[in-house]
Amino acid sequence: MNKPTDQFQRPLHDLRISVTDRCNFRCTYCMPKEVFGRDFEFLPHGAVLKFEEIVRLAAVFVGLGVEKLRITGGEPLVRRDIEKLIGMLAGVPGVKDLTLTTNGALLPRKAQPLKDAGLQRITVSLDSLRDDVFKAMNDVDFPVQGVLDGITAAEAAGLHPIKVNMVVKRGLNDADIVPMARYFRDRGHILRFIEFMDVGATNGWRMDDVVSGEAIAAMIDAEMPLEPIPSRYPGEVARRFRYRDGSGETGVITSVTQPFCGSCTRARLSADGSLYTCLFATTGTDLRGPLRSGASDDELRAVLVGLWGDRRDRYSELRSEATAPDRKVEMSYIGG
Ligand code: SAM
Ligand code: SF4
Ligand code: SF4
């Protein structure tokens, strides 16, 4: 079958798979406690896709051109036996890149089993090196050292390269930009700064809270000179820079100030099996229903081809303060 392209000629290359909507953190920009508190109803277990279901869908996606799979959530490492899923996905012919994004808290015991199962590389999120700031952001009193231990475990297990994601929110952790850049440059990890985004409808986003990727790069450049380097492949989301002294690279993900919808080749599968063609979508398409009622691979393929063929998403190019409160789905549900 031909590989589908959407209404703007964008192919389908990446699939992000959310394996759970639950998380052991309550980052204020993602799962604020006031919303994701004791009374919040997470997906019931029966609603969440089983590993076999995820793998079957992933194989259908790979047949349509997907080469890269990223496991995410919620926090993917809270899903029981996650390494089994990694092993199953690593065995799908045609998967060229298999990776996972985690808050790192459970990595000290999960890094080696994940590597052994076939995980190739990993992204760990960390927003500050200062305990008071980091704890205020994760809102569960989790210390910086716990994440650093996770990164060390990933390194020891041979998960390379390690990328570190830092969401920057003005007035909260912008003072951490240069110290974080220096720290991870010195350890040979690639730190990527993410502009604070208006994902979901609960994080109180305001444009004033966004520090632009350009400003971030300028702050680093003033201390440790940088030069831009080209993307490795079309559709790469990070704008990359190398340190002029040859000591490594860093990047900025400018979803707000310099959107990259024109080359967006990503689809997202929620933990309960709905497909979203944009991080900022308000509705998804249920794939679990057909999957559980006996649809064949050809039937699933036809649904996906139709869906991707109709895709016109370019939210970040249209964003304004007025669109921020739209009832978009939460990032913890469809996956970052
Ligand atoms: N729990 C895992 C983690 O935190 O790495 C994986 C899921 S998380 C939703 C994926 C990524 O999205 C993380 O790097 C997180 O920092 C980022 N993220 C969450 N909310 C965001 C927001 N409002 N703006 C920008 N990035 C955000
Ligand atoms: Fe959890 Fe990741 Fe969201 Fe933080 S960013 S609340 S760790 S899912
Ligand atoms: Fe892709 Fe939607 Fe983000 Fe644009 S806003 S880059 S279409 S996910």
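Indexing begins at 1, ligand by ligand and atom by atom, following the structure's order.
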Under 30°, 30 to 60°, or over 60°: which ring-plane class applies to Phe36 and Phe40, parallel, tilted or perpendicular?
tilted

SB check Arg292 Glu53 (cutoff 4.0 Å)
yes

Is it the case that the side chains of Gln120 and Thr99 hold a donor-acceptor pair, with the cut-off being a distance below 3.5 Å and no angle test?
no

Are Val144 and Val147 close enough, and set up right, to give a side-chain contact (heavy atoms from CB on, under 4.5 Å), and what steps lead you there?
CA-CA 5 Å; Val144 171; Val147 181; 5.8 Å; no

Within the 4.0 Å heavy-atom shell around Met31, which atoms of ligand 2 are there?
6 (S)

What residue and heavy atom of the protein are closest to atom 8 (S) of ligand 3, and at what distance?
Leu279 N, 3.2 Å

For ligand 1, which atoms have a heavy atom of Thr72 less than 4.0 angstrom away?
6 (C), 7 (C)

So, Asp198 and Tyr315: side-chain donor and acceptor under 3.5 Å apart, yes or no?
yes

Hey, does Met166 sit under 4.0 Å from ligand 1 if you only count heavy atoms?
no

For Arg266, the ligand 3 atoms with a heavy-atom partner under 4.0 Å come out as 6 (S)

Hey, is Thr102 touching ligand 1 through its side chain, its backbone, both or neither, going by heavy atoms under 4.0 Å?
backbone

Identify the closest protein heavy atom to atom 7 (S) of ligand 3: which residue and atom is it, and at what distance?
Asp313 O, 3.6 Å

Ligand 1 N/O within reach of Ser125 N/O, cut-off under 3.5 Å
yes

Which protein heavy atom lies closest to atom 2 (C) of ligand 1, and at what distance to 0.1 Å?
Glu75 OE1, 3.4 Å

Measure the distance from atom 21 (C) of ligand 1 to every protein heavy atom, then report the residue, atom name and distance (to 0.1 Å) of the closest one.
Tyr29 CD1, 3.5 Å

Do you know which two heavy atoms are closest between Asp127 and Met180, and how far apart they sit?
C-CE, 4.4 Å

What protein heavy atom is closest to atom 10 (C) of ligand 1, reported as residue, atom name and distance in Å?
Gly336 CA, 3.8 Å

Residue, atom and distance of the protein heavy atom nearest atom 2 (Fe) of ligand 3 read Cys278 SG, 2.3 Å

Donor + acceptor pair across side chains of Asn173, Ser128 (<3.5 Å)
no

Are any of the side-chain nitrogens in Asp176 or Arg130 under 4.0 Å away from the carboxylate oxygens of its partner?
yes

Taking distance alone, with N or O pairs closer than 3.5 Å, would you say Thr101 contacts ligand 1?
no

Please list, in number order, the atoms of ligand 1 under 4.0 Å from a heavy atom of Asn103.
2 (C), 3 (C), 5 (O)

Closest non-hydrogen protein atom to atom 16 (O) of ligand 1, residue and atom name please, with distance?
Val167 CG2, 3.1 Å

Does an N or O anywhere in Gly74 fall below 3.5 Å from an N or O of ligand 1?
yes

Please report the C-alpha distance between Leu287 and Val303 in whole Å, then the side-chain angles of each, then the deciding distance to 0.1 Å, and finally whether the side-chain contact (heavy atoms from CB on, under 4.5 Å) criterion is met.
CA-CA 9 Å; Leu287 299 177; Val303 172; 4.0 Å; yes

List every atom of ligand 1 that sits less than 4.0 Å from any heavy atom of Ile194, numbering the atoms from 1 in the order shown and giving each element.
25 (C), 26 (N)

Testing the 3.5 Å rule here: is there a donor-acceptor pair between the side chains of Asp272 and Ser270?
yes

May I ask you to list the atoms of ligand 3 that are less than 4.0 angstrom from any heavy atom of Phe260?
6 (S)

Heavy-atom distances under 4.0 Å are what count here, so tell me which part of Ser332 touches ligand 2: side chain, backbone, both or neither.
neither

Look at atom 24 (N) of ligand 1 and say which protein heavy atom is nearest, naming residue and atom and giving the distance to 0.1 Å.
Met197 N, 2.9 Å

Under-4.0 Å heavy-atom contact with ligand 3, by part of Glu317 that carries it
neither

Carboxylate-amine/guanidinium contact Arg56 Asp297, below 4.0 Å
yes

Subset of ligand 3 atoms that lie under 4.0 Å from at least one heavy atom of Phe280
5 (S)

Side chains of Thr102 and Glu75, donor plus acceptor under 3.5 Å
yes

For ligand 1, is there an atom lying under 4.0 Å from some heavy atom of Gly73?
yes

For atom 4 (Fe) of ligand 3, which of Ser255, Cys261, Cys264 has the closest heavy atom?
Cys261

Among side-chain atoms of Asn103 and Asn24, is any donor-acceptor pair under 3.5 angstrom?
yes

Give a yes or no on whether a salt bridge exists between Glu249 and Arg185, defined as a side-chain N under 4.0 angstrom from a carboxylate O.
no

For Phe142 and Phe25, take the angle between the two ring planes, folded into 0 to 90°, and tell me which bin it lands in: parallel under 30, tilted 30 to 60, perpendicular over 60.
tilted

Between Asp81 and Lys84 (side chain of the first, backbone of the second, donor and acceptor by atom type, cut-off under 3.5 Å), is there such a pair?
no

Is Arg268 in contact with ligand 3, taking contact as a heavy-atom separation below 4.0 Å?
yes

Kindly confirm or rule out a cation-pi arrangement of Arg311 over Phe8, judged by NZ or CZ under 6.0 Å from the six-membered ring centre and within 45° of its axis?
no

What I want to know is whether Asn165 and ligand 1 share at least one N or O pair that is separated by under 3.5 angstrom.
yes

Those atoms of ligand 3 less than 4.0 Å from some heavy atom in Ser316:
5 (S)

Just need the protein heavy atom nearest to atom 11 (C) of ligand 1, so name the residue and atom and give the distance.
Met331 CE, 4.3 Å

Under 4.0 angstrom from atom 5 (O) of ligand 1, is there any protein heavy atom?
yes

Under 2.8 Å: N/O/S of Cys27 next to atom 4 (Fe) of ligand 2
yes

